[in-house]
There are 2 protein chains.
Amino acid sequence: MSEVESFFKSAFSVDNVIFGFDGGDLKVLLIQRGAAPFRGKWALPGDLVYPNEDLDTAAERVLEQLTGLRGVYLEQVRTFGAVDRHPLGRVITIAYFSLIKVSDFALTPASFAQSAHWHSISDVGELAFDHNEILDICLQRLQRKVRNAPVGFELLPQKFTLTELQQLYESVLNLPKNKGLDKRNFRKKILSMNVLVECEEMQEGVAHRPAKLYQFDRERYDQFVAEGFSFDI
Amino acid sequence: MSEVESFFKSAFSVDNVIFGFDGGDLKVLLIQRGAAPFRGKWALPGDLVYPNEDLDTAAERVLEQLTGLRGVYLEQVRTFGAVDRHPLGRVITIAYFSLIKVSDFALTPASFAQSAHWHSISDVGELAFDHNEILDICLQRLQRKVRNAPVGFELLPQKFTLTELQQLYESVLNLPKNKGLDKRNFRKKILSMNVLVECEEMQEGVAHRPAKLYQFDRERYDQFVAEGFSFDI
DNA sequence: GGGGTTTGGTGTAAAAAAAACAATAAGACT
DNA sequence: AGTCTTATTGTTTTTTTTACACCAAACCCC
């Protein structure tokens, strides 16, 4: 095999770190591999990129095949390309993370997985390939991103309470519940940005005083940015 | 050709956005391509990744072949993989940026370039491939990075004056000279971090009061971080 | 060697932002 | 009615950021 040909004995894949939040811990969606290598092991959902497919498209496809969701938040994070990272050949992988609303999630039987389950971030065991490292880096990226861009809302239902929003931040940033962030200061800050609108409705079905529901308003956010302010928690 | 084989009719390259600073504008090192496609056009230095080569290693190699430098600051930024980005086939590229001290730079005749020259960031014309987009993204990354990590020093000689440091920030962040940052506040801030040490020497050969020279001290920086502070300009 | 020119170096006060902190209100349940 | 649980709201203090102007040191030129 000539050297030039050998350049083409390689492939690239995408792997997707799918985050979710259910009110408790931050979660990541993992699959149990149905094929070698690492058959039976937990891994990030991913696939080889088709020859005629853009990278972002491939990441969207992987996400949709697994969850049935389209149009959710997706961001490229980094490419992992250690020579020996894949036991069967030279395969580099472009890592993405996505943020989905757990309530929207409908498990679709995906060809590449025996099963898929949410795992608490703090309770992820040893994963296939270099997926622990990928998960780490993506989590760090999310932690930075959530603090200076309004992406946290992607993890919550459309209507949410301020307490839920605060708990989301505490989970993502791994802060102690109701200790990490001061409730009054948090509310003051987020409301002062004017990017939330109060819904008519209240929280229902709780055994205590119900909270007001809010929605994120992208138009207001765009205006906030246009005025030269920057989102910062 | 089977579908599986077609996955391997693809390659990946690295492209390197090499930044430099000479006291005036921020500069980027571009090559004039010596081979098709885009022969004669200005482009980012880059090369295919060897089959047995890690991505970071490939980026270091490209940098060394062009500049003779090793061990300089290098950071992966993003992977660009639009299907049609390379006219000769499916080639995705992993973009890096590196920061070098222009004074260390010794041009080495590199096989892949007819010539290499520094271009002012504000004066880069149309580049080969999608390199304008890559340059844009890398510049944005540098602008963010320089504000919250001590990477600016990588662009300056080992010993520098505070004015030079300020001018560096103003160039990278594209602020008006001596207007964007307040001299007194800038000095106060950077000195309060305690990451610079004053040299014995003074600036020489200038037709005005000579300035004190400073050096960045990584140990002090590590301690600064260990104490829970974060670098922030 | 004196005056002009150029950049280097320094502190304080006002404003804004962040942090600390606790009591009342609303509804569910018994 | 009383208890329980979470929701909601403002003020004070501290810290950080901004705004702002004058003298000092070296060189140059006459």
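Just the heavy atoms: all of them, side chains too, but no hydrogens, waters or symmetry mates, feed the values below. Within every chain, numbering begins at 1; the chains are lettered A, B, ... in the order of the sequence lines, protein sequences first and strands thereafter.
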Check your understanding: Hey, what's the ring geometry for B/Phe231 with B/Tyr221, parallel, tilted or perpendicular (30° and 60° as the breaks)?
Key -> perpendicular
Check your understanding: Base, sugar-phosphate alone, or nothing: which one does A/Thr163 contact when heavy atoms must sit under 4.0 Å apart?
Key -> sugar-phosphate
Exercise for review: Tell me, yes or no, whether the heavy-atom count around A/Gln158 atom CD, taken from other residues, nucleotides or ligands under 6.0 Å, exceeds 12.
Suggested key: no
Revision key, fill the gap. Between B/Leu191 and A/Lys188, whichever has its closest DNA chain C nucleotide further toward 5' is B/Leu191
Exercise for review: For B/Lys212, answer base if it contacts any base atom (sugar-phosphate contacts may also be present), sugar-phosphate if it contacts only those atoms, and nothing otherwise; contact means non-hydrogen atoms under 4.0 Å.
Suggested key: sugar-phosphate
Review point. If you pin A/Asp182 and A/Arg209 to their nearest nucleotides in DNA chain D, which one's is more 5'?
Key: A/Arg209
Exercise for review: Using a strict 4.0 Å threshold on nitrogen-to-oxygen distance, state whether B/Glu126 and B/Lys41 make a salt bridge.
Suggested key: yes
Point to revise | Nucleotides bounding contact with chain B, strand DNA chain C, heavy-atom threshold 4.0 Å | key: C/dT6 to C/dT12
Study note, to complete from the structure: Which of B/Val77, B/Ile134, B/Asp56 passes side-chain contact (heavy atoms from CB on, under 4.5 Å) with B/Tyr96? It is B/Asp56
Study note, to complete from the structure: Note: B/Asn132 and B/Gly125 closest approach over all heavy atoms is ND2-O, 3.0 Å
Check your understanding: Does the pair A/Trp42 and A/His117 meet the rule for a side-chain contact (heavy atoms from CB on, under 4.5 Å), with working shown?
Key -> CA-CA 9 Å; A/Trp42 291 103; A/His117 281 115; 3.5 Å; yes
Check your understanding: For B/Ile121, which of B/Asp25, B/Leu135, B/Leu142 qualifies under side-chain contact (heavy atoms from CB on, under 4.5 Å)?
Key -> B/Leu135
Practice item. For the pair B/Leu168 and B/Leu165, evaluate side-chain contact (heavy atoms from CB on, under 4.5 Å) and give the outcome as yes or no after the intermediate values. Key: CA-CA 5 Å; B/Leu168 167 70; B/Leu165 184 61; 4.3 Å; yes
Practice item. Just do the side chain to side chain donor-acceptor pair (under 3.5 Å) check on B/Gln223 and B/Glu227 with the steps written out, would you? Key: CA-CA 6 Å; B/Gln223 194 188 335; B/Glu227 285 166 4; 3.1 Å; yes
Practice item. Under 4.0 Å from any heavy atom of chain A: name the first and the last nucleotide of DNA chain D that qualifies, 5' to 3'. Key: D/dT5 to D/dT11
Check your understanding: Which residues within residues 222-233 of chain B lie with some heavy atom under 4.0 Å of an atom in DNA chain C?
Key -> none
Point to revise | side-chain contact (heavy atoms from CB on, under 4.5 Å) assessment of A/Lys101 paired with A/Phe160 | key: CA-CA 12 Å; A/Lys101 306 180 200 304; A/Phe160 50 85; over 6 Å; no
